[in-house]
Protein chains: 2
Amino acid sequence: MPPMNRNSPALSSDSASVQDYVKAIYASTEWRDQPVTSSQLAVRLGVANSSVSGMVRKLVDLGLAVHEPYSAIELTAEGHRLALAMVRRHRLLETFLVQELGYAWDEVHDEAELLEHTVSDTFIERLANKLGHPERDPHGDPIPAADGTVDVPEANQLGRLDPGHTGHIIRISDANPDLLRFLSAERISLDSRVEVMGHRPFGGPLVVRIGSAEHLRELDLGDEAAAALWVANDTPHENCLLRT
Amino acid sequence: MPPMNRNSPALSSDSASVQDYVKAIYASTEWRDQPVTSSQLAVRLGVANSSVSGMVRKLVDLGLAVHEPYSAIELTAEGHRLALAMVRRHRLLETFLVQELGYAWDEVHDEAELLEHTVSDTFIERLANKLGHPERDPHGDPIPAADGTVDVPEANQLGRLDPGHTGHIIRISDANPDLLRFLSAERISLDSRVEVMGHRPFGGPLVVRIGSAEHLRELDLGDEAAAALWVANDTPHENCLLRT
DNA sequence: TCCCTTTTTTCGGCATACCTAAATTTACGA
DNA sequence: TCGTAAATTTAGGTATGCCGAAAAAAGGGA
C-alpha cells in the first residue's frame with residue numbers, strides 16, 4: 001500500500017521511512033558536523049540495527065546516501081535536498097501548530113512528525129504564505145527556504161561555554177518535552193539573554209544569569225538544560241571563551 | 001510499520017485502510033440508505049474485489065462490520081462511530097483548507113483524504129475550535145459533532161425532481177473536480193436557489209432556473225450535474241413532486 | 001601480533017495490504 | 001428446473017519494513 005505524496009517533486013522518492021531516515025542522517029550534521037553511524041541511527045529512529053542496514057542499502061540504491069560497509073553514513077546532494085525539504089515541512093508545521101492552533105511548545109513535535117509525510121507541496125507553500133514565510137520555528141531552528149537554502153546561525157550549547165560568556169538564546173532543542181515545560185515555567189524562551197557564571201562546586205549545576213534584556217536573574221541549570229540551550233555570541237570575536 | 005494515530009480513543013482500531021473501508025461503507029448509506037456490496041466498495045476504493053473480501057473479514061474480526069458471505073456489508077454501532085469520526089475529520093479539514101489556506105473547492109478532497117488519517121484528535125478539536133465549530137463543509141456535507149451526532153438534512157438530487165419543484169442547493173457532491181469547476185464558473189454554489197423547468201425534448205439536458213434569491217437565470221444541466229446537486233424542498237409537504 | 005569485544009551486516013521470518021487467477025455461490029432467464 | 005453469467009470468496013504470490021539470531025568485520029589492549 002503506497003498512499004504517499006503526490007505533487008512533490010523534491011520528495012518524489014519516498015515512503016515515510018525513507019524520509020525519516022534521510023532526515024535523521026541530516027539532523028546529526030545540522031548543528032555539529034558529525035557523520036552518523038548505523039547504530040546511532042537505530043537509536044534515533046527506535047529501530048533495530050538490522051533495520052538500519054536494510055534501509056541504508058535502499059537509500060544508497062535510491063541515490064540518497066553514500067555508505068561504505070562498516071563505516072559512517074552520509075547524504076548525497078540529492079539526499080540533502082530531500083532532507084531539507086522534510087525539515088522545511090516539519091518546521092513550518094510546528095510554527096503553524098503554535099501560531100494558529102494554540103499548541104504549546106512541547107506538544108508540536110510529534111504532530112509535525114506525522115504531518116510532514118502527508119501534506120502536499122501545495123499545502124506547505126500555502127501555509128508558508130499564510131505564516132508570512134517565517135525564518136525560524138518555535139524552537140529557533142531555521143526553516144529552509146523553498147529553494148533549499150538555509151542559514152544555520154553560529155551558536156554553541158550553553159553547557160560548552162566558559163564563565164563570563166554572554167549571549168542570547170537562539171535555539172532550544174525540542175528533544176525532551178519535559179525540559180521544554182520546565183523552561184516555559186522559568187520563562188526562558190528564544191531571545192532570552194544569558195550570562196554564564198560558572199559551575200557550583202563539585203561538578204554541580206551550571207549557574208547562569210538569564211532573562212529579558214532588562215531583568216536577569218540567577219538560575220541553576222542541569223546538564224540536560226545546559227545542552228539543550230544554544231547561545232549566539234554577543235561578542236562573536238571572543239571565541240576564546242568557548243570551552244573545547 | 002504502524003505509524004498510526006496515537007491519542008485517538010474513537011479511532012483506536014486502525015490502519016489507514018480500515019478507516020478508509022469503514023468510511024466508504026458509511027458513505028454509501030449517508031444520503032440514501034443502500035447497503036453496499038463488495039464490488040461497489042472495490043470500485044469506490046480503487047482496489048480489486050479480492051482485496052475487499054480480505055479487508056471486510058478483518059473489519060468483521062475487529063467488530064466494525066457485519067457480513068454474511070455473498071451478501072451486503074453493514075457497519076456495527078462501533079463501525080458507525082469510527083466512520084463518523086473519520087467523516088468529521090475529513091470535513092473539518094476540508095473546511096480548514098478552504099477557509100484558512102485559500103484552497104479552491106475542487107482541490108480539497110484529496111488533501112483531506114490523506115490528512116484525516118494522520119492528524120490527532122487534539123488537532124481536530126483545536127481546528128474545530130478555530131473554525132468556530134462549523135456545521136457543514138464547503139460542499140454542504142454535514143460535519144458530525146465530536147460526540148458523534150449528525151444532522152443529515154432532507155434533500156434530493158436535482159435530477160430526481162419533477163418540473164415545478166423549487167428549492168435551494170444544500171449539497172454539491174465533490175466526486176468530480178471538473179464538475180466543481182464548471183459549477184464555480186457558472187456561479188452555482190451552496191444555497192443557490194433553483195427551479196426545475198423540465199427536460200429538453202428527446203431526453204435532452206435538464207433545464208433549470210438557478211441563481212441567487214434575486215436573479216434566476218435559465219441553464220441546461222447534464223445528467224452528472226443534475227445528480228451532483230442536492231436540493232432541499234422549499235415546500236417540504238409537496239413530496240408528490242419527487243419522481244420515484 | 002593475537003584475541004576478544006563491539007559494531008555492523010546478513011539471513012530467515014512476521015505482518016500488512018495489495019494483486020491475479022481459480023474456485024465457489026448466487027441469481028435470473030429459458 | 002436447469003444452466004449460464006455475474007458476483008464473491010479463496011488460494012497463492014508480491015512488496016515493504018520491521019525483528020531476532022547468527023555471521024562477519026573492526027578495533028583496542030596485552
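Residue numbers begin at 1 in each chain, while the letters A, B, ... track the order of the sequences.
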Would you say [X] reaches [N]'s phosphate, i.e. side-chain N/O to OP1/OP2 under 4.0 Å?
| X | N | value |
| --- | --- | --- |
| B:Ser17 | C:dT16 | no |
| B:Ser38 | D:dT9 | yes |
| A:His67 | C:dT8 | no |
| A:Lys58 | D:dT16 | no |

What integer distance in Å separates [X]:[atom1] from [N]:[atom2]?
| X | N | atom1 | atom2 | result |
| --- | --- | --- | --- | --- |
| A:Met55 | C:dT8 | CE | P | 18 Å |
| B:Gln40 | D:dT9 | CD | P | 13 Å |
| B:Leu41 | C:dC18 | CG | C1' | 16 Å |
| A:Asp20 | D:dT16 | CG | P | 17 Å |
| A:Glu68 | D:dA26 | CD | C1' | 15 Å |
| B:Asp61 | C:dT16 | CG | P | 11 Å |
| A:Ile73 | C:dT7 | CD1 | P | 14 Å |
| B:Leu45 | C:dC19 | CG | C1' | 15 Å |

inquiry  = Apply side chain to side chain contact (heavy atoms under 4.5 Å, CB included) to residues B:Leu131 and B:Glu100 and explain how you reach the verdict.
reply    = CA-CA 9 Å; B:Leu131 297 173; B:Glu100 304 285 321; 4.0 Å; yes
request  = For A:Thr37, report the nucleic acid contact type (base, sugar-phosphate, nothing); a contact means any heavy atom under 4.0 Å.
outcome  = sugar-phosphate
task = For A:Ser53, report the nucleic acid contact type (base, sugar-phosphate, nothing); a contact means any heavy atom under 4.0 Å.
result = base
ask   = Can you give one letter per nucleotide of nucleotides 20-26 of chain C, going 5' to 3': B for a protein heavy atom under 4.0 Å from the base, S for sugar-phosphate only, - for none?
value = BB--BSS
ask   = Considering residues, nucleotides and ligands other than A:Glu125, do more than 12 of their heavy atoms fall under 6.0 Å from its CD?
value = yes
Mind listing the side-chain donor-acceptor pairs of residues 36-53 of chain B below 3.5 Å, one per line with the distance, residues two or more places apart or on another chain?
from: B:Thr37; atom 1: OG1; to: B:Gln40; atom 2: N; distance (Å): 3.3
from: B:Thr37; atom 1: OG1; to: B:Gln40; atom 2: OE1; distance (Å): 3.3
from: B:Gln40; atom 1: OE1; to: B:Thr37; atom 2: N; distance (Å): 2.8

Output a table of donor-acceptor pairs, distance under 3.5 Å, between side-chain atoms of residues 21-28 of chain A and any protein atom two or more places apart or on a different chain; print 'none' if there are none.
from: A:Lys23; atom 1: NZ; to: A:Glu113; atom 2: OE1; distance (Å): 3.4
from: A:Lys23; atom 1: NZ; to: A:Glu113; atom 2: OE2; distance (Å): 2.9
from: A:Lys23; atom 1: NZ; to: A:Glu116; atom 2: OE1; distance (Å): 3.4
from: A:Lys23; atom 1: NZ; to: A:Glu116; atom 2: OE2; distance (Å): 2.7
from: A:Tyr26; atom 1: OH; to: A:Glu30; atom 2: OE2; distance (Å): 3.2
from: A:Ser28; atom 1: OG; to: A:Ile25; atom 2: O; distance (Å): 2.9

inquiry  = Rounded to the nearest 0.5 Å, what separates atom CG in B:Leu229 from atom CD1 in B:Ile170?
reply    = 11.5 Å
query = Are side-chain N/O atoms of A:His117 and A:Asp20 paired as donor and acceptor at under 3.5 Å?
reply = yes
query = Is there a donor-acceptor contact under 3.5 Å linking the side chains of B:Glu74 and B:His67?
reply = no
